[in-house]
Protein chains: 2
Amino acid sequence: MQVDRFDPTPLYQQVARAIREQIQSGSLKPRDPIPSESELVADHGVARETARRAVALLREEGWVVTLPQRGTFVADRPGRTGGS
Amino acid sequence: MQVDRFDPTPLYQQVARAIREQIQSGSLKPRDPIPSESELVADHGVARETARRAVALLREEGWVVTLPQRGTFVADRPGRTGGS
DNA sequence: GAGAATTTGTACGTATGTATG
DNA sequence: ACATACATACGTACAAATTCT
């Protein structure tokens, strides 16, 4: 799904929202891999940096966990930071 | 102070460390502005993206606070995230 | 073990937008 | 109007670790 370039919402937030909704709806389940950066670039029509920011945002929000050189996966308890 | 390109430590971490040490040593005090992105680029000989990452890291660590379109400043209680 | 492909990490350069002074 | 400063976005390149053939 391409982003909407007329929507003033930053593209990386649009991409993040699309993934977040897939997690919330259950089409992406805990421990499932989310699309790789390259796939996000192709699927959404954005630059890699934009895709990376989207994933970074989801990571900060606790939706996903990234394993370097492995991939990024849906967290066991998505949406929870795990912090104190 | 230029970064050390033979040091395997990522450049953005080297820049962040340099700023962090200035805060810890007291040469940068709470509410002082830290150098702008352009100044970090000039001072350390790195790209803007690298300077931005350094600042982002310090922000995550609680050393600085960024006020959009204002600048980035040393936190009131540097090194504390303010979280629970 | 060798080699290619994949995936994330780091880094540089550039451009435009938005808000402030 | 102009300069400053951060935010977003695109493109490119190479490194490092893992995975697959």
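Order of the sequence lines sets the chain letters (A, B, ...), proteins ahead of strands, with each chain counted from 1.
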Does any donor-acceptor pair link the side chain of [X] with the base of [N] at a separation under 3.5 Å?
X      : N       : value
R53(B) : dG9(C)  : no
E49(A) : dC10(D) : yes
Q69(A) : dT8(C)  : yes

Side-chain N or O of [X] less than 4.0 angstrom from OP1 or OP2 on [N]?
X      : N       : result
T50(B) : dT10(C) : no
Y12(B) : dT10(C) : yes
R5(A)  : dC10(D) : yes
R70(A) : dT19(D) : yes
S36(B) : dT4(D)  : no
R52(A) : dG9(C)  : yes

Between [X] (side chain) and [Y] (backbone), is there a donor-acceptor pair under 3.5 Å?
X      : Y      : answer
E39(B) : S36(B) : yes
D43(B) : L40(B) : no
Q13(A) : A54(A) : no

message = Go nucleotide by nucleotide along DNA chain D from the 5' end; which of P35(B) and V3(A) gets its closest nucleotide reached first?
response =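 The residue mapped nearer the 5' terminus is P35(B).
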
message = If you assign E37(B) and A47(A) each to the DNA chain D nucleotide with the nearest heavy atom, which residue ends up on the more 5' nucleotide?
response =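 Comparing both residues, the 5'-ward one is E37(B).
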
With sequence neighbours excluded, residues passing salt bridge (Lys or Arg N to Asp or Glu O under 4.0 Å) with E49(A) =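 In terms of salt bridge (Lys or Arg N to Asp or Glu O under 4.0 Å), with neighbours along the sequence ignored, E49(A) is linked to R53(A).
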
Considering all heavy atoms, the nearest [X]-[Y] contact:
X      : Y      : value
L11(A) : V3(A)  : CD2-CG2, 3.8 Å
P33(B) : F73(B) : CA-CD2, 3.6 Å
L28(A) : I19(A) : CD1-CG2, 4.3 Å

query = Any ion pair linking R48(A) and E37(A) (charged N to carboxylate O, less than 4.0 Å)?
reply =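 Result for this pair is yes, salt bridge flagged.
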
inquiry  = Let's see if you get this right: which residues in residues 57-66 of chain A place a heavy atom under 4.0 Å from DNA chain C?
reply    =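 T66(A) - these, ordered by number, are the residues of the stretch whose heavy atoms sit under 4.0 Å from the strand.
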
message = Return whichever of G71(A) or R48(B) has its heavy-atom-nearest nucleotide of DNA chain C closer to the 5' end.
response =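 Comparing both residues, the 5'-ward one is G71(A).
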
query = So what does V46(A) touch, heavy atoms closer than 4.0 Å: a base, only the sugar-phosphate, or nothing?
reply =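 Since only primed, P, OP1 and OP2 atoms lie under 4.0 Å of V46(A), the category is sugar-phosphate.
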
query = Among dA9(D), dC6(D), dT8(C), which nucleotide sits nearest the side chain of L11(A)?
reply =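 Closest nucleotide to the L11(A) side chain: dA9(D).
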
Spacing between [X] atom [atom1] and [N] atom [atom2], to the nearest angstrom:
X      : N       : atom1 : atom2 : value
H44(A) : dA9(D)  : NE2   : P     : 13 Å
Q13(A) : dG17(C) : CD    : C1'   : 15 Å
L67(A) : dT7(C)  : CG    : P     : 14 Å

message = Does the structure show a Watson-Crick or G-U wobble partner for dA1(D), both distances under 3.5 Å? Name it, or say none.
response =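 Base-paired to nothing in any strand shown.
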
